[in-house]
There are 2 protein chains.
Amino acid sequence: MGRKRLQEPADGRPTVHTVAARAGVSIASASRVLNGVGGSPETIRKVRAAAAEVGYVPNAIARSLQSQRTGLVALAVEDIGNPVYVEMMRAIEAVVASSGRQLVVHATGGRIDNEMTLLRRLANRYVDGMIISPIRVTDDHLGALVGSPVPVVVVGQLGADAPVDNVRTDSRHGVALAVDHLLAIGRRRIGFVNGPLDTVPGAARDAGFRAALARHGIELDEDLVEVGDFQYAAGRAAAVRLLARAAPDALVCANDLIAVGALHALLATGRRVPQDVALIGMDDTELAQMMFPQLSSVSLGSAERGRRAAELLLQRIADPALPPRREQVQPSLAVRASSAATPPSPRPSADPFEPTPAHPYREGVTS
Amino acid sequence: MGRKRLQEPADGRPTVHTVAARAGVSIASASRVLNGVGGSPETIRKVRAAAAEVGYVPNAIARSLQSQRTGLVALAVEDIGNPVYVEMMRAIEAVVASSGRQLVVHATGGRIDNEMTLLRRLANRYVDGMIISPIRVTDDHLGALVGSPVPVVVVGQLGADAPVDNVRTDSRHGVALAVDHLLAIGRRRIGFVNGPLDTVPGAARDAGFRAALARHGIELDEDLVEVGDFQYAAGRAAAVRLLARAAPDALVCANDLIAVGALHALLATGRRVPQDVALIGMDDTELAQMMFPQLSSVSLGSAERGRRAAELLLQRIADPALPPRREQVQPSLAVRASSAATPPSPRPSADPFEPTPAHPYREGVTS
DNA sequence: AGACTCCCCGGAAACGTTTACAGCGATCGG
DNA sequence: CCGATCGCTGTAAACGTTTCCGGGGAGTCT
């Protein structure tokens with residue numbers, strides 16, 4: 001018994017023991033040199049040479065076990081295909097990468113059980129922290145968030161007093177920006193295509209739409225409101241239903257994907273955008289600018305929210321004792337061709353050279 | 001000297017030692033029960049109870065160190081925003097998740113140095129395997145791939161004899177499908193908007209386009225070929241350049257993003273699609289169907305390629321001694337409105353009920 | 001009854017790294 | 001010339017888990 005330890009694992013892969021043996025020093029010295037801390041010139045030379053000869057690469061897992069951190073950060077969103085999350089992911093990835101960490105992404109499908117599973121799995125510490133953007137929130141959920149063993153930052157609305165790092169936006173105000181703008185360009189029958197009302201953003205946007213109309217003293221025709229899902233196909237179907245029973249002169253959509261679906265529905269039924277129906281999306285993703293006509297869209301600062309969430313998370317990882325913080329990003333409206341100030345003209349508006357200065361500009365935050 | 005080991009880490013988080021002590025058994029027994037292997041009914045009861053009481057959750061890192069696997073699989077693509085990679089990612093995620101693993105995504109930006117860094121980092125075994133879709137390939141690169149210490153599967157074209165698991169498609173043939181179809185519906189001046197020629201897909205598609213025309217005995221007018229980047233903005237700019245100097249009656253695009261850009265350019269300059277110019281994209285992503293008119297697109301089976309790549313990878317992880325395999329996915333053409341067999345009609349058809357009304361205004365596309 | 005099998009258990013090693021600690025020689029200051 | 005300091009080194013512990021191995025008890029077969 002008692003033989004110290006295999007110097008060469010059966011695997012053949014070099015470990016710090018291999019390097020140390022080859023350099024004729026102890027593993028402690030080898031490790032120190034490899035980490036650039038301490039060591040005499042001679043030792044440094046020998047260890048470096050030995051490491052290079054055997055092609056030594058430190059094992060990330062063993063290092064993690066020792067250092068109690070994995071260098072990974074998780075991001076959980078509903079759908080990694082939604083461009084709004086893509087933009088958020090890009091922003092987060094940039095911050096996270098600059099701290100030398102890597103990103104693990106999870107698609108939750110918006111299902112609470114999936115999110116709960118993820119939160120529970122956090123306990124086994126496979127990541128150093130997590131950014132999650134839940135679209136539905138329950139009490140269990142909230143409990144799991146505040147009781148999480150590793151830092152969690154929430155992107156999105158949350159119960160007001162939840163002691164969790166949180167970066168949110170004011171999507172009610174965002175909807176108001178859209179409504180105000182449409183009224184300002186003379187639209188009166190404004191429709192609304194929303195996502196599910198049992199989601200946090202869906203509920204907030206519905207409330208925002210109603211409040212905005214009420215503020216202007218306009219009575220809402222329920223026929224002008226339709227609900228689908230936060231996806232293209234569902235948005236298009238919802239728009240088709242709405243158009244079948246009502247004749248809006250403008251549509252606000254809770255999402256750019258829905259807006260693209262609505263655009264398709266409008267064009268496919270021979271309506272002109274914006275002459276017959278003005279259209280405004282939400283999230284201001286790349287998609288909005290790819291459409292023809294380019295879509296006006298309410299920016300909810302997804303990239304900015306992602307960036308800030310990542311920074312909050314990194315700070316909390318560095319100092320878990322920090323008090324919970326909350327940050328807010330203001331929405332703004334990007335006006336583009338789909339809601340250009342073209343007066344609703346009679347159908348055969350002959351002039352093909354009608355001037356419509358459709359260059360996008362941003363309207364201020366002030367309502 | 002002497003004292004065994006802290007039962008309760010200063011941290012306060014329960015370990016298997018905590019559970020074992022509380023249950024009055026050894027850590028070996030505790031571990032066995034927790035893994036569901038062995039243990040008498042009484043032991044099982046005690047350990048389960050103790051684990052529940054202290055809220056024990058096994059530490060994933062320690063487990064990884066012992067088992068020599070992390071349960072993570074990496075995916076490296078050029079741009080996580082490109083819908084083709086989103087679809088691929090979804091397919092991969094499904095397979096990977098069904099094996100109980102998780103996905104780590106990396107955006108390489110198509111830069112070889114980034115990819116090399118990733119490949120080198122593989123050596124520290126932070127993941128069990130990697131799927132990579134390089135758009136540029138060098139010899140160094142190839143060396144790093146074949147010499148990788150952990151399983152790697154490549155999605156995309158590769159040097160013919162590289163001993164690396166690889167799933168590819170025949171994009172030359174894909175381009176041919178598009179060209180054949182356009183010729184069949186009577187188009188003669190077929191343009192091509194490609195991505196960079198120094199990329200593998202760019203080169204293959206260029207060759208495919210030229211070969212397809214040659215096969216039909218058509219001489220290529222170089223004015224009808226334009227190169228940009230595999231992105232929306234670059235595609236749009238490239239299409240604008242092309243349209244400024246030539247008058248195609250059809251456009252093939254190397255990518256759906258490019259095709260969307262081209263569509264925008266066409267519509268913004270008052271051209272009708274497909275009446276004036278038929279349009280075909282490539283990759284057949286969701287985006288193609290979101291457009292109005294819906295875009296024909298050559299499917300290169302991105303989801304299928306992702307699925308197969310994931311399966312190859314899992315099999316190789318299970319048995320690293322497997323010989324390298326290569327799989328091929330056949331392209332197919334999805335014909336939609338943008339290349340419907342509408343004969344090129346004379347311009348002025350002022351029919352107000354024409355199904356695709358031209359938009360009477362121009363957008364900020366510099367001509 | 002004795003030998004054999006089977007099952008369960010606990011001690012201890014192992015995964016590969018970092019790091020606290022102590023020893024030791026050399027340098028330096030007094 | 002001696003003691004303190006400093007820089008370097010090696011031993012060993014620690015991170016938290018799984019698993020090999022040997023011991024022992026209960027049961028079974030001959």
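Bear in mind that the values here come from a model prediction, so they are computed numbers and not experimental data.
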So, is A:Asn59 near the phosphate of C:dC15, with a side-chain N or O under 4.0 Å from OP1 or OP2? no
Integer-rounded Å distance: D:dT18 C1' and B:Arg69 CZ: 14 Å
Heavy atoms only, 4.0 Å cut-off, all strands: where does B:Ser40 land among base, sugar-phosphate and nothing? sugar-phosphate
So, is A:Ser29 near the phosphate of D:dG10, with a side-chain N or O under 4.0 Å from OP1 or OP2? yes
Is any side-chain nitrogen or oxygen of B:Ser67 closer than 4.0 Å to OP1 or OP2 of D:dT18? no
Return the value, rounded to whole Å, for the distance between atom CD1 of B:Ile61 and atom P of D:dT17. 11 Å
Counting side-chain heavy atoms from CB outward, which of D:dG10, C:dG16, D:dG16 is closest to A:Val25? D:dG10
So does B:Ser26 get a side-chain nitrogen or oxygen closer than 4.0 Å to the phosphate oxygens (OP1/OP2) of C:dG10? yes
Spacing between B:Ile44 atom CD1 and C:dC8 atom C1', to the nearest angstrom: 11 Å
Whether B:Glu311 and B:Arg308 form a salt bridge (side-chain N of Lys/Arg under 4.0 Å from carboxylate O of Asp/Glu) is what I want to check. no
Per atom distances to the A:Gln66 side chain, the nearest of C:dG16, D:dA12, D:dC8 is C:dG16
The reported gap from CG in B:Leu119 to CZ in B:Arg121 (rounded to nearest 0.5 angstrom) is 12.0 Å
Take atom CG of B:Asp139 as the centre, draw a 6.0 Å sphere, and report whether it contains more than 12 heavy atoms from other residues, nucleotides or ligands. no
For B:Leu34 and D:dG16, what is the distance between atoms CG and C1' respectively, to the nearest whole Å? 12 Å
To the nearest Å, give me how far apart CD1 (B:Ile27) and C1' (D:dT18) are. 9 Å
Under 4.0 Å from OP1 or OP2 of D:dG16: is there any side-chain N or O of A:Gln68 that close? yes
If we ignore hydrogens and angles and just use 3.5 Å, is the side chain of B:Ser64 paired with the main-chain N or O of B:Ala60 as donor and acceptor? yes
Nearest to the B:Val16 side chain among D:dT18, C:dG10, C:dT18, which nucleotide is it? D:dT18
Looking only at the side chain of B:Arg63 (C-beta and beyond, no hydrogens), which of the listed nucleotides C:dT19, D:dT17, C:dG10 gets closest? D:dT17
A:Leu65 has a side chain; which of C:dG16, C:dG10, C:dT17 sits nearest to it? C:dG16
Is the distance from OP1 or OP2 of D:dG16 to the nearest side-chain N or O of A:Tyr126 less than 4.0 Å? no
Do other residues, nucleotides or ligands put more than 12 heavy atoms under 6.0 Å from A:Asp113 CG? yes
Nearest-angstrom distance from the residue atom CD of A:Glu42 to C1' of C:dA26: 17 Å
Quick one: side chains of residues 91-101 of chain A, donor-acceptor pairs under 3.5 Å with protein atoms, not counting sequence neighbours, listed by atom name and distance.
| residue | atom | partner | partner atom | Å |
| --- | --- | --- | --- | --- |
| A:Ser98 | OG | A:Val95 | O | 2.7 |
| A:Ser99 | OG | A:Val96 | O | 2.9 |
| A:Ser99 | OG | A:Arg101 | NE | 3.1 |

Side-chain atoms of A:Thr15 come closest, of C:dT17, D:dT19, D:dG10, to C:dT17
Can you tell me which nucleotide in C:dC8, D:dG10, C:dA12 comes closest to the side chain of B:Ala28? C:dA12
Rounding to a whole Å, what distance do you find between B:Arg32:CZ and C:dG10:P? 8 Å
